[in-house]
Amino acid sequence: MADEPLVLGIETSCDETGVGIVRGHTLLADAVASSVDEHARFGGVVPEVASRAHLEAMVPTIQRALKEAGVAPSDLDGIAVTAGPGLAGALLVGVSAAKAYAYALGKPLYGVNHLASHICVDQLEHGPLPEPTMALLVSGGHSSLLLAPDITSDVRPLGSTIDDAAGEAFDKIARVLNLGFPGGPVIDRIAREGDPDAIAFPRGLTGPRDAAYDFSFSGLKTAVARWIEAKRAAGEDVPVADVSASFQEAVVDVLTRKAVRACRDEGVDHLMIGGGVAANSRLRAMAERRCEDAGITLRVPRPKLCTDNGAMVAALGAEMVARGRAASSWGLSADSSLPVTDPHVPAPAGHDHDHGHVHDHDHVHELSRKNLYA
């Protein structure tokens, strides 16, 4: 619908430069420039390399998104950007670009939360989110169970990882198995040829006295690494497919078990799964089976929308505009540890931000000088 908010979203929290354009709940463009190949030789993301890649990719990716959507910059109703959490330097590139475009175009600026964006992107696939929504977010940096009565203003953390996130564990085990980086996709592929019951790897934090919704994958990672080392020390071949399948099974078993339990305990009949690990085929299959058995409706976006992208930021930005949430100020900063309880960063009290213009004109020059090109 033409009267729905048209928002451009910028995502630079890690190694993907994502730019999405959304009208309401309709995705018009999803342009991504990834620097993953530049990090592969290091076995993980290097913050400085990621930041420089964002700088180089930003303008071309925005131009590509606008062309794909068939809209002019002046048509936009707002600019949304990931303000956190993420890598500080990488976030700063996106925030600075968003400020520059919003200021130049005279459009409102919305600094939004990376995790809340991962939840909101499902609206582009399956329509409006039920309220409340239970969300399991699993990625290289996060493993979280979140209850969202209102994705724009009320997101409540129920549990999170106390050490390694699920995606981080995938990367580390792939490195031990000499499978390269990133580890998630290659382990998922190889595991299809293996036996998930071949090796009884531990399930962390699943005892009766353990935290009901928190996750721990460090012990699992160590157990798998030691198992592999023992095989190699004995001069035996490591059954890579069986190790991959058994490790993967341990991860997705814990994730889905705790997510379904949270839905039951909170009386929520919908579960949304997002984040890069949500692209894992075994996680999707086990979640579908367990949700069906529990009478829970499962919502998982297509794999491309699960990994970091600008569409998810635009989706949350469009929801902010539609619900009349306050825009951010020109003092918006990148916050590498922005809590999920802050779905977005509104302007402080007394700082009006109306369609890209600061009302306190005495500070316009100072704000733009200090922050617009920060």
Side-chain angles (χ1 to χ4, degrees), residues 14 43-45 85 115 135-146 157-191 194-234 236-262 265 273-287 290 337 340:
C14 193
V45 176
L115 299 184
L136 171 65
L137 297 186
V138 280
S139 68
H142 308 281
S143 296
S144 306
L145 267 172
L146 307 170
L158 300 182
S160 62
T161 183
I162 64 171
D163 42 54
D164 290 352
E168 186 179 3
F170 271 91
D171 288 339
K172 289 182 177 179
I173 295 306
R175 189 155 56 242
V176 173
L177 290 171
N178 300 316
L179 298 178
F181 174 85
V186 66
I187 286 181
D188 187 13
R189 185 178 69 252
I190 292 174
D195 178 3
D197 299 316
I199 310 161
F201 289 132
R203 270 68 166 160
L205 291 185
T206 54
R209 296 185 179 181
D210 290 325
Y213 308 132
D214 283 340
F215 303 99
S216 172
F217 297 108
S218 180
L220 169 63
K221 175 201 67 180
T222 300
V224 176
R226 286 179 176 171
W227 193 95
I228 294 170
E229 288 167 5
K231 281 288 184 183
R232 289 172 175 164
E236 300 177 25
D237 291 335
V238 175
V240 175
D242 284 348
V243 171
S244 297
S246 298
F247 160 73
Q248 178 176 267
E249 194 75 1
V251 173
V252 302
D253 179 23
V254 173
L255 290 171
T256 55
R257 189 189 312 181
K258 295 202 171 203
V260 169
R261 177 177 178 177
D265 291 350
I273 303 182
V277 181
N280 181 275
S281 63
R282 182 58 183 152
L283 175 59
R284 286 171 173 252
M286 187 178 288
R290 287 185 166 170
S337 58
V340 71

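Atom CG of residue Leu146 and atom CG of residue Leu137 lie 5.0 Å apart, to the nearest 0.5 angstrom. With rounding to the nearest 0.5 Å, the separation of OG in Ser244 from CZ in Arg189 is 10.0 Å. Lys258 NZ to Leu158 CG: the interatomic distance, rounded to the nearest 0.5 Å, is 12.0 Å. The CG atom of Leu283 sits 5.0 Å away from the CD1 atom of Ile273 when rounded to the nearest 0.5 Å. Within the model, atoms OH of Tyr213 and CG of Leu145 stand 8.5 Å from one another, a figure rounded to the nearest 0.5 Å.
Among all heavy-atom pairs drawn from Arg284 and Ala278, the shortest one is NE-O, 2.7 Å. Of all heavy-atom pairs spanning Gly183 and Val186, the tightest one is O-CG1, 3.2 Å. Closest of all the heavy-atom pairs between Ser139 and Gly276 is CB-N, 3.9 Å. Residue Gly219 comes nearest to Pro202 through the heavy atom pair O-CG, 4.4 Å, listed as atom of the first residue, atom of the second, then distance.
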For a quick test of your reading: what N or O donor-acceptor pairs under 3.5 Å do the side chains of residues 245-253 make, sequence neighbours left out?
from	atom 1	to	atom 2	distance (Å)
Ser246	OG	Asp195	O	3.2
Ser246	OG	Ile199	N	3.1
Ser246	OG	Asp242	O	2.9
Gln248	OE1	Asn280	ND2	2.8
Glu249	OE1	Arg282	NE	2.8
Glu249	OE2	Arg282	NH2	2.9
Asp253	OD1	Arg257	NH2	3.3
Asp253	OD1	Arg290	NH1	3.0
Asp253	OD1	Arg290	NH2	2.8
Asp253	OD2	Arg203	NE	3.0
Asp253	OD2	Arg257	NH2	2.7

Ignoring hydrogens and angles, write down the donor-acceptor pairs under 3.5 Å from the side chains of residues 159-166, residues two or more places apart or on other chains.
from	atom 1	to	atom 2	distance (Å)
Thr161	OG1	Asp163	N	3.3
Thr161	OG1	Asp163	O	3.4
Thr161	OG1	Asp164	O	2.6
Asp163	OD1	Phe217	N	2.9
Asp163	OD1	Ser218	N	3.2
Asp163	OD2	Ser216	OG	2.6
Asp164	OD1	Lys172	NZ	3.4
Asp164	OD2	Lys172	NZ	3.4
Asp164	OD2	Lys221	NZ	3.2

Next item on the list: Show the numbers, then the answer: is there a side-chain contact (heavy atoms from CB on, under 4.5 Å) between Ser144 and Val340?
Entry: CA-CA 10 Å; Ser144 306; Val340 71; over 6 Å; no
Notebook entry, point to check: When you look at Val176 and Trp227, which way does the side-chain contact (heavy atoms from CB on, under 4.5 Å) test go after all the steps?
Noted result: CA-CA 11 Å; Val176 173; Trp227 193 95; over 6 Å; no
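No side-chain heavy atom of Leu205 sits under 4.5 Å from any side-chain heavy atom of Val254. Residues Leu179 and Phe170 are not in side-chain contact: their nearest non-hydrogen atoms beyond the backbone lie 4.5 Å or more apart. Annotation: side chain of Leu255 is in contact with side chain of Val138 (closest heavy-atom distance under 4.5 Å).
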